[in-house]
Peer 1: 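Have a look at this one before I ask anything.
Labels below follow one simple rule: chain letters A, B, ... track the order of the sequence lines, proteins then strands, and each chain is numbered from 1.
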Amino acid sequence: MPEAFSIPNEIIYMAIDLGNPVRTTQIPQAPRKFYFLEYFYILLKGVSISNQSERIFEQFLKLKHQYRLGESKYKKLTEESNESTNQRARYKYTFDQVVSEATNYELISESSGEILLTDEGKNAIQIYENDGDRKFNYYLFKLMEKGHQEPFRYLVDTCYKVNYKKSGLLIFPIYSAHRLGIERDSIKTSKDMKRYFRKLQSRIKEDISKHLGMNVNLDKENNDLIRKLTEENLLQTDDLQEFDPNKYNAILRRSRDFWLKYFLQSLYKYQLSLDSFEIWAYRAKQIGLLHITEFYPDPSFHGKIAYPLSVIRDSSQSTSFKMFYEYADSMKLYCHQPSWDDKNNQEEFVQSLHQAYVDVRQLAKTYFVSLPNVKERACYAMKIPEYLFDKFLGYAYHNKHLRIRISLEVDKLPDETKVMYLRREPVMVDGKYRNIIAIDLAHGEKNVY
DNA sequence: TTAGGCACGTGTGGCACAGT
DNA sequence: ACTGTGCCACACGTGCCTAA
């Protein structure tokens, strides 16, 4: 069995002994409700074409489609852009959110019903178009960090405080009744639901012990959950009475969020709502400060994990950590960005990639396996952001002197199927999307073709 | 092998309420 | 009064299962 969440040593040394003083606790403010940083660009682009709100919104819809910005944090795949009035209303909601946040950053300004670009806004467009999205994200990072009481610093710092032994790994277990082996048909009464809750409780307890090294008693929390659901008549007081089957989803949803909130606020002591945490974390992921995923492939854990790819210290000797930003108190944010020029990093990447492939193949039991799954495990092992993985994979694919041989195939791209939203993005290598991967050891070692 | 039906899982957007 | 924030029910996409 592949071992979940083991950690390379160098990362641990960076994580412990931080020596940074506990910051005067300023709680980050909530962001507006959207995930993709590209929304800022497409809004500004729209404003550069017209000053009329209605026209800007039309442009926003067009560019949203062109940049494949789906709902929430998922990229959109299908070419069709069926514009039901319902969807337009949804997109208007997102549009208003982006306008509101861009106004706060003074990228745009409103006067007598017109929306205007500020100099800052014009500057931002230039950065995106001339210097690329990484520079654009950095520019936005500074605005967000200043405008919301340093949410990213808070996010990264707290990760290490929570679980420094595993260099800041956060787990958010999600197990539906189905996943714990309880059939839908067998859950009809309050008693049945409580049986699922008990099973869930003990599974969560095990995960906490295994991945966070803590022993906790969750009886009180489980009772709280049951009490809340009973008070709101989602569950019946009488154990043998049946609950409203139409409320099944609502009950499961409530229990899932209850435990996620428990992890975030009680266990990890984040003073953020679930919503705010999600949005800040997914924005941090785009900048490359941390990784968050719901798809880490592992037989013994299901749910969401997050871990930092950066660290806040006053100084660093490591060549793999690059200075990213300096705060007012002269603490600095360092991002883990190992260089491909260093042969040791090449060797480590090859090692991690191969190990990830072996682990995933063991679960999938096929020669070709899902590239996004291999990517998840390799990124975790090396603590690198996704865009670096894509780059490294491209280099390794072309390097004939490595001790592995990589085969990449497209298989079926998601846009050839019916899926609307790309929950797993295919990996871009050589300007082509790839979905599956196989690896052989080269030069007379085992498994050579 | 495929089509249809049903259940699972979760993002969205409205809403209530807290903060000022 | 007004704005910002957290919460959660619903709608809908997805994928499994069954029956030919």
Side-chain angles (χ1 to χ4, degrees), chain A residues 27-36 39 64 69-78 80 82 84-105 110 144 147-149 151 172-188 192-193 196 200 224-225 228-229 231-235 243-266 270-283 292-295 302-304 370 412 414-424:
Chain A
I27 303 311
Q29 293 169 340
R32 303 264 75 84
K33 295 186 191 178
F34 60 95
Y35 290 83
F36 292 121
Y39 272 129
K64 174 184 166 68
L69 304 178
E71 303 202 354
S72 187
K73 56 206 178 230
Y74 301 119
K75 291 264 174 169
K76 197 180 179 178
L77 272 171
T78 47
E80 71 204 74
N82 48 339
S84 65
T85 46
N86 191 12
Q87 256 172 339
R88 271 186 76 97
R90 282 173 168 235
Y91 297 161
K92 187 67 171 48
Y93 182 88
T94 308
F95 176 76
D96 290 340
Q97 296 286 313
V98 185
V99 167
S100 157
E101 194 166 333
T103 308
N104 288 346
Y105 299 150
E110 241 172 310
M144 292 186 276
H148 297 265
Q149 326 246 43
F172 295 94
I174 300 171
Y175 301 98
S176 63
H178 182 68
R179 199 173 287 277
L180 292 180
I182 303 173
E183 292 295 320
R184 167 71 181 91
D185 291 347
S186 73
I187 305 178
K188 288 194 171 68
D192 300 331
M193 195 57 91
Y196 158 59
L200 180 63
D224 282 352
L225 171 63
K228 278 184 191 170
L229 293 175
E231 275 169 12
E232 292 175 50
N233 288 323
L234 286 166
L235 285 180
F243 57 84
D244 181 353
N246 293 324
K247 297 287 183 189
Y248 180 78
N249 274 357
I251 296 171
L252 255 62
R253 163 71 195 247
R254 290 284 290 271
S255 120
R256 181 175 62 113
D257 284 359
F258 175 88
W259 287 111
L260 290 179
K261 196 174 158 178
Y262 165 76
F263 272 82
L264 186 74
Q265 297 177 353
S266 299
Y270 270 104
Q271 301 198 47
L272 293 173
S273 69
L274 274 179
D275 284 6
S276 295
F277 175 81
E278 279 272 294
I279 294 171
W280 285 130
Y282 275 91
R283 289 185 183 186
I292 179 163
T293 178
E294 292 139 64
F295 305 108
H302 186 264
K304 197 184 296 254
S370 155
K412 200 195 267 176
D415 53 2
E416 289 159 10
T417 73
K418 289 184 301 186
V419 290
M420 294 250 308
Y421 291 101
L422 189 48
R423 289 161 62 83
R424 311 296 306 273

Peer 1: Using a distance-only criterion (donor-acceptor N/O pair, under 3.5 Å, no hydrogens), is the base of B/dG14 paired with the side chain of A/K33?
Peer 2: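 Present.
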Peer 1: Does any non-hydrogen side-chain atom of A/M193 lie less than 4.5 Å from one of A/L252?
Peer 2: yes
Peer 1: Does C/dG6 have its OP1 or OP2 closer than 4.0 Å to a side-chain nitrogen or oxygen of A/S276?
Peer 2: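 Yes, within the criterion.
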Peer 1: First locate atom CZ of A/F172, then atom CH2 of A/W259, and finally report the distance between them rounded to the nearest 0.5 Å.
Peer 2: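 Rounded to the nearest 0.5 Å, the CZ-CH2 separation comes out at 14.5 Å.
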Peer 1: Students often get this wrong, so: under 4.0 angstrom with heavy atoms, is A/K261 touching a base, only sugar-phosphate, or nothing?
Peer 2: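 The answer is sugar-phosphate, as A/K261 gets under 4.0 Å only of primed atoms, P, OP1 or OP2.
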Peer 1: Nearest to the side chain of A/Y35, which nucleotide is it out of C/dG6, C/dA9, B/dT12?
Peer 2: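 Of all the options, the side chain of A/Y35 is nearest to B/dT12.
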Peer 1: Give, for atom CG of A/L264 and atom CD of A/E278, the distance between the pair rounded to the nearest 0.5 Å.
Peer 2: 9.5 Å
Peer 1: DNA chain C: A/Q29 or A/I251, which has the more 5' nearest nucleotide?
Peer 2: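 Its nearest nucleotide being more 5', the pick is A/Q29.
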Peer 1: Closest nucleotide of DNA chain B for A/D275 versus for A/L252: which of these residues is on the 5' side?
Peer 2: A/L252
Peer 1: Select from A/P31 and A/D257 the residue whose nearest nucleotide in DNA chain C is closer to the 5' end of that strand.
Peer 2: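 Its nucleotide being nearer the 5' end, the pick is A/P31.
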Peer 1: Could you give the CD-to-P distance, from A/Q97 to C/dT3, as a whole number of Å?
Peer 2: 14 Å
Peer 1: For B/dG11, does either OP1 or OP2 sit under 4.0 Å from a side-chain N or O belonging to A/R253?
Peer 2: no
Peer 1: Of the nucleotides C/dG6, B/dG11, C/dA9, which has the atom closest to the A/S273 side chain?
Peer 2: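 Side chain of A/S273 sits closest to C/dG6.
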Peer 1: Please report, rounded to the nearest Å, how far the C1' atom of B/dT12 is from the CZ atom of A/F95.
Peer 2: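 After rounding, the reported distance stands at 18 Å.
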Peer 1: When the aromatic ring centroids of A/F277 and A/F263 are compared, is their separation below 6.0 Å?
Peer 2: no
